[in-house]
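The chains referred to below are lettered A, B, ... by the order of the sequence lines, with proteins before strands, and numbering in each begins at 1.
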There are 2 protein chains.
Amino acid sequence: MHSFTEENYLKVIFHLFQVQKMPVQTNAIAGKLNTRAASVTDMLKKLADKKLINYIRYQGVTLTEQGKSTAIQIIRRHRLWEVFLVEKLNFGWDEVHDIAEELEHVGYQPLIERLDKFLGYPKRDPHGDLIPDSSGEFEIAVQTGLLELPENTRAIIIGVTEHSSPYLKHLEKLGLTIGESLLIEGITSYDGTLELNCAGKKISISRKVAQHILVSTKNQ
Amino acid sequence: MHSFTEENYLKVIFHLFQVQKMPVQTNAIAGKLNTRAASVTDMLKKLADKKLINYIRYQGVTLTEQGKSTAIQIIRRHRLWEVFLVEKLNFGWDEVHDIAEELEHVGYQPLIERLDKFLGYPKRDPHGDLIPDSSGEFEIAVQTGLLELPENTRAIIIGVTEHSSPYLKHLEKLGLTIGESLLIEGITSYDGTLELNCAGKKISISRKVAQHILVSTKNQ
DNA sequence: TTTTAATTTTAGATAAATCTAAAAAAAATT
DNA sequence: AATTTTTTTTAGATTTATCTAAAATTAAAA
Ligand SMILES: [Mn+2]
Ligand SMILES: [Mn+2]
Ligand SMILES: [Mn+2]
Ligand SMILES: [Mn+2]
């Protein structure tokens, strides 16, 4: 259907739009895909011809309904494969992203539906990201950035917004993994370092580390 | 490492050489890959440059040790994914080949080793083909073509040499699946039709159907 | 051993995805 | 408002894998 490359462009446009909520710029795409602005312009014309994006020269792009639905299917595949790799093949959460980047392009609908069933219809991937259902619907995420909470709040880690292996390994070493409950015991006034209590252990983390942690304050 | 396309050429050369035990001809490769002889020649030059094949103009090709080992790794991936699709995702043996054609190109060694472990180190794929181990060694296949046996022989179906969905569906309808035990009750002298007894049921199959069935006569 | 047929290779084109360098447009500064 | 900077687009090449048509080589038949 769509080439490997086209799929990667759609996915990147989807993610960038989610963050910025503004038409996505050529340079931003080039940055994410490690390519040049000129190459991006070429591909944008192609995707516009295929009615996958709305593209006006110099104005950035948004996904059409068709483009959005395609992007979501790719994200669904990516996240389901990540669950498979962690739950069934016992990979660490820091090892699976790159493998899933390849597996996500194996496009045969029944494969994904059966994989989903085999995995027990998981709601979230190993990084806490929501997995869209087969019709492309996401559950509504009830989540807050750890940095937004005041002192003396209790929260449960439900996700991370940074998927690099060094970062995830670091969190794991600190014991800050998904599902863990924590209490913000203090926020240092000088540099904002967070003093946490997690599973009875005192941990202090910088704002740089904390900024990518998503938590839930529901169910205490 | 190697492109999708290069991997497919290596796999095809490996398979053709196994059948013919002679240097593989340009046209034969073109036939298997649904491409043109001229395209094959181009690719053969490239593979020869990469020391994956031994290529002399007009003389056909053989795989180098490196090419052979690469081809075997791809076959290993293909067959392990087929086992996964049948055993874990409950696909039929006639549905998995095309999906495995895509999955086999996801090349990350630890993925395949963990998949192998997860599947319990299977020896054969759903079509009875042997799965090479991680060092590329095949078990020795003790198998005979069903057409080579005389009347009144008992045998067990251990594989098929034709993987198309219509053929496999046909066998399944007849109850001729892997592991089934059968008795050759007669061979019609006029057109060679085989009269089989399989699981108490009398079945007659043409030579065209029988020619792709592999059996074992060991263990009765 | 010619002649014919089949196979394989070259020559030259094309399509997809990329690039660099230069031009054009938009945004930010003075 | 004019100038500078940033961003984006075009123009023109390059790389990879493919193709058709014609030439070269090998194999088969007469
Ligand atoms: Mn990921
Ligand atoms: Mn993820
Ligand atoms: Mn197969
Ligand atoms: Mn198989």
Side-chain angles (χ1 to χ4, degrees), chain A residues 1-13 15-17 19-63 67 70-71 74 101-102 104-105 107, chain B residues 1-13 15-17 19-63 67 70-71 74 101-102 104-105 107:
Chain A
M1 196 79 160
H2 306 113
S3 76
F4 197 99
T5 314
E6 287 166 358
E7 291 195 347
N8 282 332
Y9 271 87
L10 292 176
K11 204 177 46 159
V12 162
I13 294 166
H15 282 135
L16 287 171
F17 185 79
V19 176
Q20 307 168 346
K21 292 173 177 176
M22 295 261 291
V24 177
Q25 292 184 296
T26 303
N27 259 352
I29 298 169
K32 282 275 178 193
L33 286 171
N34 272 97
T35 185
R36 302 306 173 127
S39 309
V40 174
T41 301
D42 289 342
M43 182 58 76
L44 294 184
K45 286 176 189 162
K46 193 179 162 191
L47 293 173
D49 283 348
K50 292 195 174 187
K51 314 262 188 232
L52 294 164
I53 61 172
N54 306 113
Y55 171 54
I56 308 165
R57 285 173 31 173
Y58 293 103
Q59 304 301 130
V61 292
T62 56
L63 294 173
T70 305
I74 301 159
E101 285 290 309
E102 297 198 44
E104 74 188 7
H105 300 290
Chain B
M1 195 81 160
H2 306 113
S3 75
F4 198 99
T5 314
E6 287 167 358
E7 290 194 347
N8 282 332
Y9 271 86
L10 292 176
K11 204 177 47 158
V12 162
I13 294 166
H15 283 134
L16 288 171
F17 185 80
V19 176
Q20 309 169 342
K21 292 172 177 179
M22 295 261 289
V24 177
Q25 293 184 297
T26 304
N27 259 352
I29 299 169
K32 282 275 178 193
L33 287 171
N34 271 99
T35 184
R36 301 307 173 127
S39 309
V40 174
T41 301
D42 289 342
M43 183 57 76
L44 293 183
K45 286 178 189 162
K46 193 178 163 192
L47 293 173
D49 284 347
K50 292 195 174 186
K51 314 258 187 239
L52 293 165
I53 62 173
N54 306 114
Y55 172 54
I56 308 165
R57 284 175 30 175
Y58 293 103
Q59 303 301 131
V61 291
T62 56
L63 293 174
T70 305
I74 300 158
E101 284 291 309
E102 296 197 44
E104 73 188 9
H105 300 291

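Going from atom CG of B/L47 over to atom P of D/dT16 covers 13 Å, rounded to whole Å. Summarising the geometry, the separation between CG on A/N34 and C1' on C/dC19 is reported as 14 Å, rounded to the nearest angstrom. Taking atom CD of residue A/E6 and atom P of nucleotide C/dA16, one finds them 9 Å apart after rounding to whole Å.
Evaluated for a side chain to side chain contact (heavy atoms under 4.5 Å, CB included) with B/V61, the options B/Y9, B/F17, B/Y55 yield exactly one hit, B/Y55.
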Can you give me the N/O atom pairs linking the protein to nucleotides 3-10 of chain D at distances under 3.5 Å, or say none if there are none?
from: D/dT8; atom 1: OP1; to: A/Q25; atom 2: NE2; distance (Å): 3.4
from: D/dT8; atom 1: OP1; to: A/T26; atom 2: N; distance (Å): 3.4
from: D/dT8; atom 1: OP2; to: A/N27; atom 2: N; distance (Å): 2.8
from: D/dT8; atom 1: OP2; to: A/N27; atom 2: ND2; distance (Å): 3.4
from: D/dT9; atom 1: OP1; to: A/Y55; atom 2: OH; distance (Å): 2.5
from: D/dT9; atom 1: OP1; to: A/Y58; atom 2: N; distance (Å): 2.9
from: D/dT9; atom 1: OP2; to: A/T26; atom 2: OG1; distance (Å): 2.9
from: D/dT9; atom 1: OP2; to: A/T41; atom 2: OG1; distance (Å): 2.9
from: D/dT10; atom 1: OP1; to: A/R57; atom 2: NH1; distance (Å): 3.4
from: D/dT10; atom 1: OP2; to: A/K45; atom 2: NZ; distance (Å): 2.7

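In this view, B/D42 satisfies the side-chain hydrogen bond (donor to acceptor under 3.5 Å, both in side chains) rule with no residue, not counting sequence neighbours. The salt bridge (Lys or Arg N to Asp or Glu O under 4.0 Å) search around A/K50 returns A/E6, not counting sequence neighbours. For the side-chain hydrogen bond (donor to acceptor under 3.5 Å, both in side chains) test, no residue two or more places apart in sequence or in another chain qualifies with B/T41. For the side-chain hydrogen bond (donor to acceptor under 3.5 Å, both in side chains) test, no residue two or more places apart in sequence or in another chain qualifies with B/K32. Not counting sequence neighbours, the partners of B/E7 by the salt bridge (Lys or Arg N to Asp or Glu O under 4.0 Å) test are B/R77.
Within the 4.0 Å cut-off from OP1 or OP2 of C/dT18, not a single side-chain nitrogen or oxygen of A/R36 is found. Residue A/T35 places at least one side-chain N or O under 4.0 Å from the OP1 or OP2 atom of C/dC19.
Heavy atoms of B/F4 sit nowhere under 4.0 angstrom from any nucleic acid atom. Heavy atoms of B/S39 sit under 4.0 angstrom from at least one base atom.
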